[in-house]
Each structure stands twice: as C-alpha cells, then as structure tokens.
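Here's the structure we're looking at; comments come further down.
This chain uses plain numbering: 1 for the first residue, then up along the sequence. Please read all numbers here as calculations on a predicted model, not as lab measurements. All heavy atoms count here, side chains included; hydrogens, waters and symmetry mates do not. Order of listing sets the numbers, starting from 1, for every ligand and every atom in it.
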Amino acid sequence: MNRVYNFSAGPSMLPLPVLEKAAAEMVSYGDSGMSVMEMSHRSADYEPIIFGAEKLLRQLMNVPENYKILFLQGGASTQFAAVPLNLIGRTGKADYIVSGQFSGKAFKEAQKYGDVVEVATSKADNFTYVPHVDKSAFRSDASYVHICYNNTIYGTKFDYIPDTGDIPLVADMSSCILSEPVDVSKFGVIYAGAQKNMAPAGLTVVIVREDLLGGALPITPAMLDWKIAADNDSMYNTPPCYTIYMAKLVYEYLLSIGGLEAMKKLNEEKAALLYDYLDSQDYYIAPVKPECRSMMNVTFVTGNADLDKKFAAEAAAAGLKNLKGHRSVGGMRASIYNAMPKEGVVKLISFMKDFAKNNSK
Ligand SMILES: *Cc1c(COP(=O)(O)O)cnc(C)c1O
C-alpha cells in the first residue's frame, strides 16, 4: 500500500487508523453479520452508532446540554438556505459578514428569504483578511448574524468571535470544525459539512441552541426544518448511515489522542512549520494578513502562473497531491487538516526549498 500526502481542501485525508478500522469492519460489523452499509437505521445494531456518535461529538466539543446536534444531508451549501429558513422568521432581517466565496454564497442564498444585508466584506482586498466588526455594525433587530469561521479557499480564519450581543451568531465551520476547541456557547448555530475534517462527504452536522428551534418559515421544506430533525433524532428520513458511522470512528480516534486540545497543539505545530518557512524566504508569497492566517488551509504563490502550475505538477509526482489553489484564486493551497501528519508538512517544505532552488524567477 502506497499512501500519498493528500493536501486536498475536501474531501480530504482521514486518519489511517480510522480507515483501517472501517476496513476491518466493512463486511460484518460486530456480530451483526452485516455491513453498516446494509443496516436499517432503525435497527438495534445501528442505534448505538448514531446515538454514540452524537454523545462523542458532544463530549469532544463540550457541547452544552441546551444545544441539539443534528446529522443531516445536503452539505454545508444546503444550510445556506436552511439557516434563513429556520431563523429569519423572528424579524425578517439577517446580517452577513462576507469574508470569502462560501460566505458570499450563503449571503446570496439568504437574500431569497428576507431583508438580508452584508455588514462587512474583505472582497476589495481579495479576501486576504477577515473584517473586524464590533457590535455597532449589526442591526439591533437582525434575527441572526452569519459568518464563515475559516475561509477554505483563501486560507483565512476569524481571529476573534464577533460580539453580536443578544443576536444569535451563526457560523459555517466546515473547514475548521474539530481542529481546536471552540466555546460553543458563544454561537447560536454551528454547522459544517463533514468532508473536510470529520468524515467522508454526505454528512452535515448542525449544532443548534434549543431556543432557536421551532420558528421556521411556513414555506420551509420538512427536510430543512431543524425542529423536525431534532424531534426525530436526525431520523425523519434515512440518515447518511455509513457516513455517521465513519464520523463516530473519527470522534473516537480524536478522543483517543487527547481530544481537541491535543489536536490543536498538533495543528499549531504543523501550521507554524509552514508559515515560519514562508516568512523566512522571499521566493513564495503568502498573501494572507498574518493575524488572519488559517491553521487548516495555507495559501501561497510564486507570483508566476506558469511556475505555480509546474509546482503543483511536480509536487504531485513526488507524492504531494492536490496542492493547486482553488480555480478562483490560483497559486497553491496546502490543506493541512487534522489527518495530515506532520511528516507531510515536513516533506512539503523540503519540496518547496528544492523547487525554489531549481526554478529561478
Ligand atoms: C467546503 C465548504 C462549503 C461547501 O460545502 P458542501 O458540503 O460542498 O456544500 C461551505 N463552506 C465552507 C467553509 C467550506 O469549506
């Protein structure tokens, strides 16, 4: 078996022990005599998987009792509609901070459902930082404020949690969930597609404060109504059973290595290696403002599109895959999620040094 270092922004690497456990249990789970893929979601074998996953995630993220955890489908992008459908009914208004492409899409989608405004954006500077806003930026009668906590495409992350006062704060954490501890109580809703840091694609996790349930707009499809999902333990219809099982294995793995504090330490080490190297030389340029640098997605360019292309191709040939930046920004992006081992980052830096030596600008 020859595994590569996969720097993909998502779907992305999963911890090897998780893949191995899943492989060992693939054909027959426990003494059920069947694969998890073949199980009824209402069976005695499956129930401990979904309820166990919920319990483990609550433990890992220290989710308070007055929050529901929902296991849904449709990706984070479906939540771009579900968020306003569930929350905007109170006042008909919502405020968005647009710090990248995904928050832009979320903003655009929400505009279909009410009076939705962009209160701040870093678009004019190519999203190289996250706007700093204080409480006065928000409309006091906004039903909620929406942010994207880690901007996957640009490699930026909120270096603060906006103070929204009594207005519920909603955060898309698709590309940073489980990378470090977060104070869940500071948010009304946290949502994340699983395929960056949690599981294979097909699962979306929503963590929602209970008092925010039950106010969905009447037009809300049943499948997007969080209250219906909560009342049915995420089994209003067939949930993404196998992906939830994979998420449970990832949660168990993270707890086994010391939980999110330990994960944060390792992620900080990996990111520091790469950023320290970037800061120590002038061949590669890291466009993001240092205080907004993402620990998960590290972007850099050579300043020459042909060299960028050559870099990604030669890196791939050397077993460092998917380093090409997002099509909308170019350059390179190294996504170093939880499952990327430190050796992967060390190898990448060594490749970067050699490439710079061999390709003068
Ligand atoms: C990947 C990503 C999305 C889109 O997720 P889907 O599950 O593909 O809909 C949205 N927001 C962020 C921050 C992402 O990283």
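Listed by chain and residue number, the protein contacts of ligand 1 are Gly75, Ala76, Ser77, Phe80, Phe102, Cys148, Asn150, Thr152, Asp172, Ser174, Ser175, Gln195, Lys196 (heavy atom within 4.0 angstrom).
Looking at residues two or more places apart in sequence or on another chain, you find a ring-ring contact (aromatic ring centres under 6.0 Å, His included) between Phe158 and Tyr160. Under the salt bridge (Lys or Arg N to Asp or Glu O under 4.0 Å) criterion, Glu291 pairs with no residue, sequence neighbours left out.
Separation of the Tyr67 and Phe187 ring centroids does not fall under the 6.0 Å cut-off.
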Solution key, residues 228-240 side-chain donor-acceptor pairs under 3.5 Å, sequence neighbours excluded:
from   : atom 1 : to     : atom 2 : distance (Å)
Asp231 : OD1    : Lys227 : NZ     : 3.4
Asp231 : OD2    : Lys227 : NZ     : 2.7
Asn232 : ND2    : Ile228 : O      : 2.7
Ser234 : OG     : Phe71  : N      : 2.9

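A cation-pi arrangement, defined by a distance under 6.0 Å to the six-membered ring centre and an angle within 45 degrees of its axis, is present between Lys289 and Tyr129.
Note: His146 and Tyr96 have parallel aromatic rings, judged against thresholds of 30 and 60 degrees for the angle between ring planes.
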